[in-house]
Amino acid sequence: MLLIILLNMIFYSLILFGCIQIVDTGYSFAYDVLGETMAELPPGTDRSFVIESNDSEYEVASGLAAQKLVKGKYSFYLRMKLEEGDGSTLQPGAYQLNSSMTYKEILSMIYGRE
């Protein structure tokens, strides 16, 4: 009887722990998408980034993540899609970006809103 109670407690503790991890991961991803997220704390590192005329938004997000200019390619890509509604388009060209720039600052530059 005691063994069954102990196993139930362990089982429900594992379920609770799993649920907490799922909620934490979801919150972190949502904050990365909607918050003032940056890859590194200031002062960061300056890096050059080039957008070609035929690059898709996903390719740009992947390239920025590969150069460690954004925290995650999926969160940045989703932020790009959310900001897409104002009719902005990617502006091809060479950019000097810093790893401590927020997603909003990077989007302003690559969409030519400065």
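- Every salt bridge (Lys or Arg N to Asp or Glu O under 4.0 Å) that Glu57 has, sequence neighbours left out, goes to Lys81.
- Scanning for side chain to side chain donor-acceptor pair (under 3.5 Å) contacts around Ser62 gives an empty result, with sequence neighbours left out.
- Applying the side chain to side chain donor-acceptor pair (under 3.5 Å) test to Asp55 and every residue at least two apart in sequence or in another chain returns nothing.
- Other cluster members for Ile4: none, since no ILVMFWY side-chain heavy atom sits under 4.5 Å from it.
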Exercise. Test side chain to side chain contact (heavy atoms under 4.5 Å, CB included) on Gln91 and Ile51 and set out the steps.
Key: CA-CA 7 Å; Gln91 302 298 312; Ile51 298 177; over 6 Å; no
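- Linking ILVMFWY side-chain heavy atoms closer than 4.5 Å, directly or via other members, places Met101 and Ile110 in a single hydrophobic cluster.
- Take Ser99 and apply the side chain to side chain donor-acceptor pair (under 3.5 Å) test, not counting sequence neighbours, and it matches Glu40.
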Using residues 11-28 as the side-chain source, report each donor-acceptor pair under 3.5 Å to any protein atom, sequence neighbours left out, with the distance given to one decimal.
| from | atom 1 | to | atom 2 | distance (Å) |
| --- | --- | --- | --- | --- |
| Ser13 | OG | Met9 | O | 2.7 |
| Thr25 | OG1 | Gln21 | O | 2.9 |
| Ser28 | OG | Asp24 | O | 3.1 |

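- Atom CG of residue Leu97 and atom CZ of residue Arg47 lie 10.0 Å apart, to the nearest 0.5 angstrom.
- With rounding to the nearest 0.5 angstrom, the OH atom of Tyr103 is 11.0 Å from the CE atom of Met38.
- At a threshold of 4.5 Å between non-hydrogen side-chain atoms, the residues Leu90 and Tyr111 count as touching.
- Residues satisfying the side chain to side chain contact (heavy atoms under 4.5 Å, CB included) test with Ser53, not counting sequence neighbours, are Pro92.
- A heavy-atom distance below 4.5 Å is not found between the side chains of Met109 and Gln96.
- Hydrophobic clustering (side-chain heavy atoms under 4.5 Å, transitive across Ile, Leu, Val, Met, Phe, Trp, Tyr) groups Ile106 together with Val60.
- Residue pairs meeting the ring-ring contact (aromatic ring centres under 6.0 Å, His included) criterion with at least one member in residues 30-74, sequence neighbours excluded: Tyr58-Tyr77.
- For the atom pair OG1 of Thr37 and CZ of Arg79, the computed distance is 7.0 Å after rounding to the nearest 0.5 Å.
- Within the structure, salt bridge (charged side-chain N to carboxylate O under 4.0 Å, His left out) pairs that include any residue of residues 2-19 do not occur (at least two apart or interchain).
- The minimum heavy-atom distance linking Asn54 with Glu59 is given by the pair O-OE1, 3.8 Å.
- The salt bridge (Lys or Arg N to Asp or Glu O under 4.0 Å) test applied to Lys71 returns Asp32, not counting sequence neighbours.
- Hydrophobic clustering, defined by side-chain heavy atoms of Ile, Leu, Val, Met, Phe, Trp and Tyr closer than 4.5 Å, groups Leu7 together with Leu3.
- For the side chain to side chain donor-acceptor pair (under 3.5 Å) test, residues two or more places apart in sequence or in another chain that qualify with Ser100 are Asn98.
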